[in-house]
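Just so you know, these numbers use all the heavy atoms, side chains as well, and skip hydrogens, waters and symmetry mates.
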Amino acid sequence: MKKLTFFAAVALVALISACRFGQRHTTIMENGNGVTVKIEYVGQTYFNDEGTAIRSISPNGYVKYQRGGKELTAESDRNGKITYEVNDGGKQSILNEGDKEFLAQAVKDMIKHGHYADGR
C-alpha cells in the first residue's frame, strides 16, 4: 500500500510539472490593418539589450508569436535551454539567418505590445 501511495504521489508531481501548473498563461492579440498579431506565453521571457533576440525564458516556459501566417515558438526546458520552431519546421536550437530576422521582428513586436518590455 505504501508503494502505491508513493507512486501516486510521484505521478501527481510529474503531471503538475508537465502541465506548467501554477504558471500564469497570457495571450495578447491585436488585429489592425488586416494583420493579426498573437503573442502567447507562460513564464517569463528576457530579451537581449538590442531587443532582437531572446536571452532566456524561465524553466518550462514558452512564448508563441504569430503574425500574418508566420509562426514562431520558443520553449525552455527545465534547465533553461531554449529550442525554437518556425512555421512547424521542427525544433532547433540554432536559427538560420532568415529565422533570426523573423525572431528579431517578433521580439520587437513583443516589446511593442508590452510583453516583458522591462525584462530586457
Side-chain angles (χ1 to χ4, degrees):
M1 184 67 167
K2 287 183 181 181
K3 285 184 181 182
L4 181 60
T5 303
F6 174 75
F7 286 120
V10 169
L12 181 62
V13 169
L15 180 63
I16 288 171
S17 53
C19 293
R20 295 178 172 102
F21 183 77
Q23 291 185 320
R24 190 172 104 201
H25 177 260
T26 303
T27 302
I28 301 168
M29 198 155 176
E30 178 183 81
N31 191 355
N33 297 329
V35 177
T36 299
V37 175
K38 181 178 179 183
I39 303 164
E40 178 182 346
Y41 59 93
V42 168
Q44 197 159 8
T45 305
Y46 296 96
F47 306 116
N48 66 357
D49 291 335
E50 296 78 24
T52 57
I54 296 173
R55 187 176 68 217
S56 65
I57 300 174
S58 57
N60 295 320
Y62 68 85
V63 61
K64 294 180 181 181
Y65 171 83
Q66 297 173 347
R67 179 186 187 90
K70 287 189 82 173
E71 213 175 304
L72 168 81
T73 301
E75 292 181 291
S76 174
D77 66 12
R78 67 179 183 194
N79 298 315
K81 181 181 179 208
I82 299 173
T83 56
Y84 300 92
E85 187 169 359
V86 180
N87 294 327
D88 296 322
K91 291 185 179 187
Q92 54 192 339
S93 56
I94 299 173
L95 297 174
N96 64 38
E97 288 305 312
D99 292 342
K100 284 181 185 178
E101 288 176 21
F102 183 56
L103 173 62
Q105 176 192 2
V107 169
K108 289 177 183 180
D109 253 1
M110 288 183 237
I111 292 169
K112 175 182 155 194
H113 288 88
H115 174 61
Y116 291 114
D118 60 340
R120 290 188 284 166

Could you pull out the closest heavy-atom pair between [X] and [Y], with the gap in Å?
X: Pro59; Y: Ser76; value: CA-OG, 3.8 Å
X: Ser56; Y: Ile82; value: CA-CD1, 3.8 Å
X: Glu85; Y: Asp88; value: OE2-CA, 3.3 Å
X: Lys100; Y: Leu95; value: CE-O, 3.2 Å
X: Val42; Y: His25; value: CG2-CD2, 3.5 Å
X: Met29; Y: Thr36; value: CE-CG2, 4.1 Å

Side chains of [X] and [Y] in contact at under 4.5 Å (non-hydrogen atoms):
X: Asp99; Y: Leu103; value: no
X: Tyr62; Y: Ile57; value: no
X: Val86; Y: Gln92; value: yes

Which salt bridge (Lys or Arg N to Asp or Glu O under 4.0 Å) pairs, counting each pair once, include a residue from residues 62-74, with sequence neighbours left out? Arg67-Asp109
Separation between [atom1] of [X] and [atom2] of [Y], rounded to the nearest 0.5 Å:
X: Lys112; Y: Ile28; atom1: NZ; atom2: CD1; value: 12.0 Å
X: Thr52; Y: Gln105; atom1: OG1; atom2: CD; value: 13.0 Å
X: Phe47; Y: Ile54; atom1: CZ; atom2: CD1; value: 6.0 Å
X: Tyr41; Y: Met110; atom1: OH; atom2: CE; value: 11.0 Å
X: Asn96; Y: Glu101; atom1: CG; atom2: CD; value: 9.0 Å
X: Asn60; Y: Arg78; atom1: CG; atom2: CZ; value: 8.5 Å

Asp77 side chain to Asn79 main-chain N or O, any donor-acceptor pair under 3.5 Å? yes
Indicate yes or no for a side-chain donor-acceptor contact from Ser58 to the backbone of Gln44 under 3.5 Å, with no hydrogens or angles considered.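 Checking the backbone N and O of Gln44 against the side chain of Ser58, a donor-acceptor pair under 3.5 Å is found.
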Can you sort out the partners of Phe102 under ring pair (Phe, Tyr, Trp, His ring centres under 6.0 Å), two or more places apart, ordered by chain and number? Tyr65
